[in-house]
Asker: 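Got a structure for you, questions after.
Computed from a predicted structure; not experimentally measured.
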Amino acid sequence: MDSSDRCEENLNREKAYLEHIIESAPEAIAITDRQGVITRINNEFINLFGYTHEEAVGKNIDDLIIPDNLKNEIVKTDSISGAGVKLTKQTIRRDKYGKEKFVSLIVTSIVINNQIVGYVGIYRDISRERKKQLLQEILYNISATALSQIDMKDIYPVIVRELSKIWDTSNFFIALYDKKTETLSLPFFSDEKDSFREVPAKNTISKWVINMKRPVLLKERDIKDLENAGEIGLIGTPCKIWMGVPLKADNEIIGVMCLQDYHDENKYSQEDVNALEFVANQAAVAIQRRKMIDDVLMASRKAEEAAQSKQQFMSTMSHEIRTPLNEVIGITNLLLQTNPREDQMEYIKTLRFAANHLLTLVNDVLDYSKMESGKIVFEQTPFNLDDFLNDILRSYSFRSKAKNLDFEIIRLNEIPSVIIGDPIRLNQILFNLLSNAMKFTKHGGISILIRELERSDKNIKIEFSVKDTGIGIPKEKHT
């Protein structure tokens with residue numbers, strides 16, 4: 001065998017190796033020329049995006065898989081013009097059927113004789129990881145909303161806003177079930193074809209889901225079969241796919257959460273059902289919690305108007321709020337003993353802080369009679385100032401980040417870690433000041449300033465102040 005034959009054999013062998021590496025790679029690979037026209041894809045690209053070799057080769061990669069709303073992020077080839085230079089990013093791409101997928105993308109140039117002849121794009125599907133991350137964010141935001149000072153009706157737009165991070169909510173509703181009247185009220189209903197606010201529950205798909213006590217995914221044929229069997233009576237316009245999950249709170253189904261689509265029967269999968277059920281459980285708890293808080297506030301107003309109902313109000317408050325709050329606090333303490341991950345630790349500590357704060361507010365209401373008689377007494381108990389400030393920092397960091405505000409705690413003097421005072425009342429005062437600061441600050445940041453005013457052998461006087469870049473208090477209201 002002469003040298004030319006050996007050279008050709010080596011080239012064929014290397015080509016076969018390269019072919020094998022490309023086809024056996026666990027990531028989707030697309031090779032394009034300098035203009036972005038696809039010259040080669042592997043089997044994983046077909047699996048990820050649904051295009052066959054014939055459908056993909058010869059097409060521009062950007063036109064094929066970049067969603068219309070992301071055309072402005074088309075990869076600029078001059079940013080990867082050198083040998084060994086690569087671009088790495090997490091982004092969204094679209095498959096053959098229009099479904100968007102979160103992907104990790106690596107793009108490198110192919111250089112031969114110092115000339116760029118094409119590009120290699122490597123795609124890894126990270127949809128599940130991204131969805132898990134979004135689910136954690138959604139659950140936290142829904143839970144935090146239920147504890148905030150908003151009206152009951154305002155909690156539903158928040159739920160919809162959070163769900164829209166994962167699903168299209170243009171055809172979405174929340175239906176609450178009233179056993180006494182056998183009706184479904186719809187505090188939120190968004191639909192491109194129908195409009196309902198209240199309907200009889202009998203024979204509806206929602207009531208069928210409530211009876212089944214489990215989530216369902218129904219396509220057009222499934223709905224028709226249920227209708228023909230007499231199990232449901234269709235109300236409104238028929239859809240291609242219907243996904244509904246029960247709203248469960250305290251082992252009771254209070255309603256249904258539903259997404260539907262009129263055009264694509266493959267819009268949702270069982271994975272979507274599982275994720276929606278996860279969110280629905282938290283949403284149901286949030287709705288019940290917000291309703292409970294609103295009911296308590298209403299009872300409080302009535303108690304102020306009618307002194308004779310005060311005792312009943314106090315009893316209801318103690319049973320309905322203190323008991324579950326103490327359970328929440330107890331469970332969070334148990335969770336902290338299970339060596340959670342660092343990210344879980346942050347959520348658990350924030351939950352404990354919020355629960356302790358809400359319990360403080362409840363105790364203040366229960367102290368109403370003491371306030372009337374002027375017998376409120378400030379506690380004199382040792383507490384760790386560092387832990388106290390860390391809890392505040394952890395809780396308000398989440399809120400400030402949501403509004404793109406800076407939040408910091410500044411110590412102007414060396415202050416002991418353990419001090420004696422009333423941490424409950426201090427927490428309440430700082431909460432009121434910080435809540436106002438968060439409400440009226442649109443840009444910039446918020447700071448807590450702590451300084452020592454005076455000290456003796458046994459006593460230390462500390463000043464806490466809240467500073468923000470908001471609108472401030474008008475001069476005419478200064479005292």
Asker: If you look at every heavy atom in V256 and S206, which pair is closest and at what distance?
Answerer: CG2-O, 3.5 Å
Asker: Output, in order, the C-alpha distance, side-chain angles, deciding distance and verdict of salt bridge (Lys or Arg N to Asp or Glu O under 4.0 Å) for K267 and D168.
Answerer: CA-CA 10 Å; K267 185 77 174 263; D168 175 11; 3.6 Å; yes
Asker: Determine, step by step, whether E137 and K165 satisfy the salt bridge (Lys or Arg N to Asp or Glu O under 4.0 Å) criterion, reporting the C-alpha distance in whole Å, the side-chain angles of both residues, the deciding distance to 0.1 Å, and the verdict.
Answerer: CA-CA 10 Å; E137 181 182 322; K165 294 177 180 178; 2.5 Å; yes
Asker: Can you tell me how far the CG atom of N427 sits from the CD1 atom of I392, to the nearest 0.5 Å?
Answerer: 5.5 Å
Asker: Would you please say whether a donor-acceptor pair under 3.5 Å links the side chains of N171 and K193?
Answerer: no
Asker: With heavy-atom distances below 4.5 Å as the criterion, would you say the side chains of L385 and I415 are in contact?
Answerer: yes
Asker: Pick out which of I410, L412, N413, I462 makes a side-chain contact (heavy atoms from CB on, under 4.5 Å) with I450.
Answerer: I462
Asker: Please report the C-alpha distance between I253 and K213 in whole Å, then the side-chain angles of each, then the deciding distance to 0.1 Å, and finally whether the side-chain contact (heavy atoms from CB on, under 4.5 Å) criterion is met.
Answerer: CA-CA 8 Å; I253 297 178; K213 299 181 180 180; 3.7 Å; yes
Asker: Do Y123 and L48 touch side chain to side chain, with heavy atoms closer than 4.5 Å?
Answerer: yes
Asker: If I take atom CG from residue L217 and atom CD from residue E271, how far apart are they, to the nearest 0.5 angstrom?
Answerer: 12.5 Å
Asker: Can you check whether Q133's main-chain N or O pairs, donor with acceptor, with Q136's side chain at less than 3.5 Å?
Answerer: no
Asker: Measuring from atom OG1 of T469 to atom NZ of K442, what distance do you get when rounded to the nearest 0.5 angstrom?
Answerer: 11.5 Å
Asker: Where do G445 and T441 come nearest, in terms of heavy atoms and distance?
Answerer: O-CG2, 4.3 Å
Asker: Among E265, K219, Q260, whose side-chain contact (heavy atoms from CB on, under 4.5 Å) with K240 holds?
Answerer: E265
Asker: Report the relative orientation of the aromatic rings in Y347 and Y140; use parallel for angles under 30°, tilted for 30 to 60°, perpendicular for over 60°.
Answerer: tilted
Asker: Work out which heavy atom in P67 is nearest to a heavy atom in I92; give both atom names and the distance.
Answerer: CD-O, 3.6 Å
Asker: Give a yes or no on whether a salt bridge exists between K179 and E182, defined as a side-chain N under 4.0 angstrom from a carboxylate O.
Answerer: no
Asker: Run Y262 and I241 through side-chain contact (heavy atoms from CB on, under 4.5 Å) and show every step you take.
Answerer: CA-CA 7 Å; Y262 292 101; I241 190 167; over 6 Å; no
Asker: Mind checking the CD1-CG spacing from I65 to D62? Nearest 0.5 Å is all I need.
Answerer: 8.0 Å
Asker: Taking R411 first and then D386, would you say they form a salt bridge - that is, a charged N and a carboxylate O separated by under 4.0 Å?
Answerer: yes
Asker: Please walk me through it: do T183 and D178 pass side-chain hydrogen bond (donor to acceptor under 3.5 Å, both in side chains)?
Answerer: CA-CA 5 Å; T183 58; D178 189 325; 4.8 Å; no
Asker: Please assess Q270 against N274 for the test side-chain hydrogen bond (donor to acceptor under 3.5 Å, both in side chains), listing each intermediate value before the final yes or no.
Answerer: CA-CA 6 Å; Q270 186 58 45; N274 297 338; 3.2 Å; yes
Asker: Between W167 and Y268, does the side-chain contact (heavy atoms from CB on, under 4.5 Å) criterion hold? Intermediate values first, please.
Answerer: CA-CA 9 Å; W167 297 284; Y268 310 115; 4.2 Å; yes
Asker: Could you tell me whether E129 and R124 have a side-chain N and a carboxylate O separated by less than 4.0 Å?
Answerer: yes
Asker: Flag yes if more than 12 heavy atoms outside F278 fall under 6.0 Å of its CZ atom; otherwise flag no.
Answerer: no
Asker: Between V279 and L134, is there a side-chain heavy-atom distance shorter than 4.5 Å?
Answerer: no
Asker: Could you tell me whether D68 and R94 make a salt bridge, using a distance below 4.0 angstrom between a side-chain N and a carboxylate O?
Answerer: yes
Asker: How close do G421 and F383 get, heavy atom to heavy atom, and via which atoms?
Answerer: N-CE2, 3.8 Å
Asker: Within a strict 4.5 Å, meaning less than it, do heavy atoms of the T91 and V103 side chains meet?
Answerer: yes
Asker: K403 side chain to M438 main-chain N or O, any donor-acceptor pair under 3.5 Å?
Answerer: yes
Asker: Is the distance from the ring center of F173 to that of F189 below 6.0 Å?
Answerer: yes
Asker: Are the side chains of V245 and V209 in touch, meaning some heavy atoms are under 4.5 Å apart?
Answerer: no
Asker: Determine, stepwise, if the pair N203 / K207 fulfils side-chain hydrogen bond (donor to acceptor under 3.5 Å, both in side chains).
Answerer: CA-CA 7 Å; N203 291 335; K207 183 58 165 61; over 6 Å; no
Asker: Testing T169, I138, L139 for side-chain contact (heavy atoms from CB on, under 4.5 Å) with E162, which one passes?
Answerer: I138
Asker: Between the main-chain N or O of S195 and the side-chain N or O of D191, is there a donor-acceptor pair closer than 3.5 Å?
Answerer: no
Asker: Over all heavy atoms of both residues, which pair between A437 and V466 is shortest? Give the atoms and the distance, please.
Answerer: CB-CG1, 4.2 Å
Asker: So do the side chains of I460 and P416 get within less than 4.5 Å of each other, counting heavy atoms only?
Answerer: yes
Asker: I need the I235 CD1 to T204 OG1 distance, nearest 0.5 Å.
Answerer: 6.0 Å
Asker: If the threshold is 4.0 Å, N to carboxylate O, is there a salt bridge linking D272 and K131?
Answerer: yes
Asker: Minimum heavy-atom separation for R214 and M212, please, with both atom names.
Answerer: NH2-CE, 2.9 Å
Asker: Quick check for you: to the nearest 0.5 Å, what is the distance between S447 atom OG and I409 atom CD1?
Answerer: 9.5 Å
Asker: Check the pair F464, L430 against side-chain contact (heavy atoms from CB on, under 4.5 Å), reporting the backbone distance first and the verdict last.
Answerer: CA-CA 8 Å; F464 293 79; L430 289 177; 4.2 Å; yes
Asker: Would you indicate whether the side-chain heavy atoms of T381 and P423 approach each other to under 4.5 Å?
Answerer: yes
Asker: Quick check: do Y97 and N266 have side-chain heavy atoms less than 4.5 Å from each other?
Answerer: no
